Amino acid sequence: MKKTKIKNTGEYVYTEKLKNGLEVIMIPNNKVKNFYLTLNVKFGSIHTNFKFEGKNHKLPKGIAHFLEHLMFNMPDKTSAFEYYSKIGSNINAFTTYEYTSYEVYANSKFKENLSYLLKYVYTPYFTKEIVSGEKGIITEEIKMISDNPASEIVYGMYRNVFVKDERKYLIAGTVDDIKSITLDDIKLAYDAFYHPENMFLVITGNFDPTEAVAIATETLSNFEFPKYEKPVIKKYKEPAKVATEYFEKEMPVDMHKVTIALKIPKSNFKDLELSNLELKMYLSLIIRINFGNTSLLKEELLSGSIISDSISYHLTDTLDHFVIAILANTDYPDYFMQRINEKLLDLSISKEEIERKIKTSISNLILCFDEIKVVNSDIQDDLVYEGKFIHDIYDYYQDINIESASKVLEKLKNHEKSVTIIKPKE
């Protein structure tokens, strides 16, 4: 087992790769009573078109989310929910565009919790009856998502930004997608992606890393896994243009929900000699300075009752593009968009602002280690988007400088824009 100090935090990360290929990443914290386990699969909603075992496959949209629902069923007709309920633990699962995660949160019986998490995820049990029965449940879930304004403002934004990228589709798929899913589709998805080599286990909270590795090793010694063949995901060349420049929809909301999305080609930054992670850090910094909680624009819009709360922002990292989404609730959508657009033409940064934001980020980095779910989530993101846990993130913060930030800022001017509005029903 490898033990690495997380610089400037006083914390350590423990890593181990099991013989079957499963990567285990652990950050213990004996100051808390709970522990949080996530078993993660690098299989998300965008992975429907791929080559596996010499054949090309195209699965229905929503297949990763559908499979997530089925994984809790066990061959003895019980479910993982029943087991964890008996021992007093909380479990759940979620599917993102990039990965699927099975989670356990508890404060006792560490061995039982970890062992059973591995057992149920690596014990696939699918029948035609189970698949058929789940279709009705997921269909209702899709209808609820479609009727939810908070979901629509996010999914609608992706739908309007992307032309070919599969993020333009609902993670859960459409009702027609769900109807088309077969037992063979489910088995193929599991066989192709649910191999330990394509998965990673993250453990945070109060536990012993040596015991955790021993439990995982012992539990998985009872399973046989085939030789791993990595699925080759079909890549789409996403065009620079947006699918829809302006979209609005009436829904039962009290105020307008407005999202302004910037679609920025990564090719803009190819001459800057910055890594993907460094680019994301600079972009986030620029957006925080210009639109964040301490920005002059936020204070202006909030004090003038233009927005009801802070301006939210989100950075999406795709193969070809970064997408920066700026969101707010407002009774004055036209004026809000006018001020955002004016600011986008006049983005600014200063050495003092950068230094202040870096100090805040480093402080938050240290404080977040007491939040075991936040730490776990950060590790997940690192493994999915960077391929490893970034234990030296402190050094990255220290390397941020005004010269590079100014160069990134200049490159931001080349972007496409899409506006999505959810407005109150008249």
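All figures in this text were calculated on a predicted structure; none of them were measured in a lab.
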Check your understanding: If you measure only the distance, is there a donor-acceptor pair under 3.5 Å linking the side chains of Ser275 and Glu278?
Key -> yes

Review point. If we ignore angles and hydrogens, is there a donor and acceptor under 3.5 Å between the side chains of Thr219 and Ser115?
Key: yes

Review point. At what distance, to the nearest 0.5 angstrom, does OG1 of Thr9 lie from CG of Leu367?
Key: 11.5 Å

Review point. Near Asn56 CG, under 6.0 Å, is it more than 12 heavy atoms from other residues, nucleotides or ligands?
Key: yes

Enumerate, atom names and distances included, each donor-acceptor pair closer than 3.5 Å involving a side-chain atom of residues 383-396, sequence neighbours excluded.
{"from": "Glu386", "atom 1": "OE2", "to": "Lys280", "atom 2": "NZ", "distance (Å)": "2.8"}
{"from": "Tyr394", "atom 1": "OH", "to": "Gln398", "atom 2": "NE2", "distance (Å)": "3.4"}
{"from": "Asp395", "atom 1": "OD1", "to": "Lys7", "atom 2": "NZ", "distance (Å)": "2.9"}

Review point. Without hydrogens or angle criteria, can the side chains of Glu229 and His195 be said to hold a donor-acceptor pair below 3.5 Å?
Key: no

Revision key, fill the gap. The single option from Lys263, Lys164, Lys168 that satisfies salt bridge (charged side-chain N to carboxylate O under 4.0 Å, His left out) with Glu238 is Lys263

Check your understanding: Given the side-chain rings of Tyr97 and Tyr158, with only the six-membered ring counted for Trp, is the space between their centroids under 6.0 Å?
Key -> yes

Point to revise | Centroid separation Phe43 to Tyr99 less than 6.0 Å | key: no

Check your understanding: Tyr84 vs Tyr116 aromatic rings, parallel, tilted or perpendicular, using cut-offs 30° and 60°?
Key -> perpendicular

Practice item. Give the C-alpha distance, both sets of side-chain angles, the deciding distance and a yes or no for side-chain contact (heavy atoms from CB on, under 4.5 Å) between Leu18 and Val24. Key: CA-CA 8 Å; Leu18 305 186; Val24 185; 4.1 Å; yes

Review point. Is a side-chain N or O of Asn268 found less than 3.5 angstrom from the main chain of Asn414, in a donor-acceptor match?
Key: yes

Check your understanding: Are the side chain of His415 and the backbone N or O of Leu412 linked by a donor-acceptor pair below 3.5 Å?
Key -> yes

Practice item. Could you label the plane-to-plane angle of the Tyr14 and Tyr12 rings as parallel, tilted or perpendicular, counting under 30° as parallel and over 60° as perpendicular? Key: tilted

**Study point:** Lys51 atom NZ, over 12 foreign heavy atoms within 6.0 Å
**Key:** no

Exercise for review: Would you tell me whether Asn30 and Asn206 have side-chain atoms, one donor and one acceptor, within less than 3.5 Å of each other?
Suggested key: no

Review point. Do Glu152 and Arg159 meet the salt-bridge criterion of a basic N to acidic O distance under 4.0 Å?
Key: yes

**Study point:** Test salt bridge (charged side-chain N to carboxylate O under 4.0 Å, His left out) applied to Glu197 and Lys19, Lys42, Lys17, Lys227, the passing residue
**Key:** Lys17

Check your understanding: Does one side chain, of Ser79 or Asn73, offer a donor that lies under 3.5 Å from an acceptor on the other?
Key -> no

Review point. Is it true that the NZ or CZ of Lys61 lies under 6.0 Å from the centre of Tyr169's six-membered ring and within 45 degrees of the ring axis?
Key: yes

Exercise for review: Keeping the roles fixed (side chain from Ser180, backbone from Asp177), state whether a donor-acceptor pair exists under 3.5 Å.
Suggested key: yes

Check your understanding: Will you find, in the side chains of Asp176 and Thr174, an N or O donor that is under 3.5 Å from an N or O acceptor?
Key -> no

Exercise for review: Check the angle between the aromatic planes of Phe207 and Phe110 and answer parallel, tilted or perpendicular using the 30° and 60° thresholds.
Suggested key: parallel

Revision key, fill the gap. Between the CD1 atom in Ile324 and the CD1 atom in Ile286, the distance rounded to the nearest 0.5 Å is 7.5 Å

Point to revise | Donor-acceptor side-chain pairing of Asn364 and Ser361 below 3.5 angstrom | key: no

Check your understanding: Can Lys407 and Asp271 be counted as an ion pair, charged N to O under 4.0 angstrom?
Key -> no

Check your understanding: Are Tyr102 and Asn92 close enough that a side-chain donor and a side-chain acceptor fall under 3.5 Å?
Key -> no

Practice item. Go through the side-chain N and O atoms of Glu166 and Ser45 and say whether any donor and acceptor fall under 3.5 Å apart. Key: no

Check your understanding: For the side chain of His321 and the backbone of Thr318, is there at least one donor-acceptor N/O pair under 3.5 Å apart?
Key -> no

**Study point:** Ring-face cation contact, Tyr155 with Arg167, 6.0 Å cut, 45° max
**Key:** no

**Study point:** Asn290 side, atom CG; Leu296 side, atom CG - distance, nearest 0.5 Å
**Key:** 9.5 Å

Check your understanding: Just one of Ile181, Thr95, Ile178 clears the side-chain contact (heavy atoms from CB on, under 4.5 Å) bar with Ile63, so which one?
Key -> Ile181

Point to revise | Lys58 atom NZ, over 12 foreign heavy atoms within 6.0 Å | key: yes

**Study point:** Under 3.5 Å: donor-acceptor pair, side chain of Glu11, backbone of Ile6
**Key:** no

Check your understanding: Is it true that the side chains of Asn160 and Ser418 contain a donor and an acceptor less than 3.5 Å apart?
Key -> no

Check your understanding: Are Lys234 and Phe50 in a cation-pi setup, meaning NZ or CZ lies under 6.0 angstrom from the ring centre and within 45 degrees of the ring axis?
Key -> no

Exercise for review: Report yes or no: do Asn40 and Thr38 form a side-chain donor-acceptor pair below 3.5 Å?
Suggested key: yes

Study note, to complete from the structure: d(Leu183 CG, Ser132 OG) to nearest 0.5 Å is 11.0 Å

Exercise for review: Check Glu353, Arg288, Lys357 against Thr294 for a side-chain hydrogen bond (donor to acceptor under 3.5 Å, both in side chains) and give me the one that passes.
Suggested key: Lys357

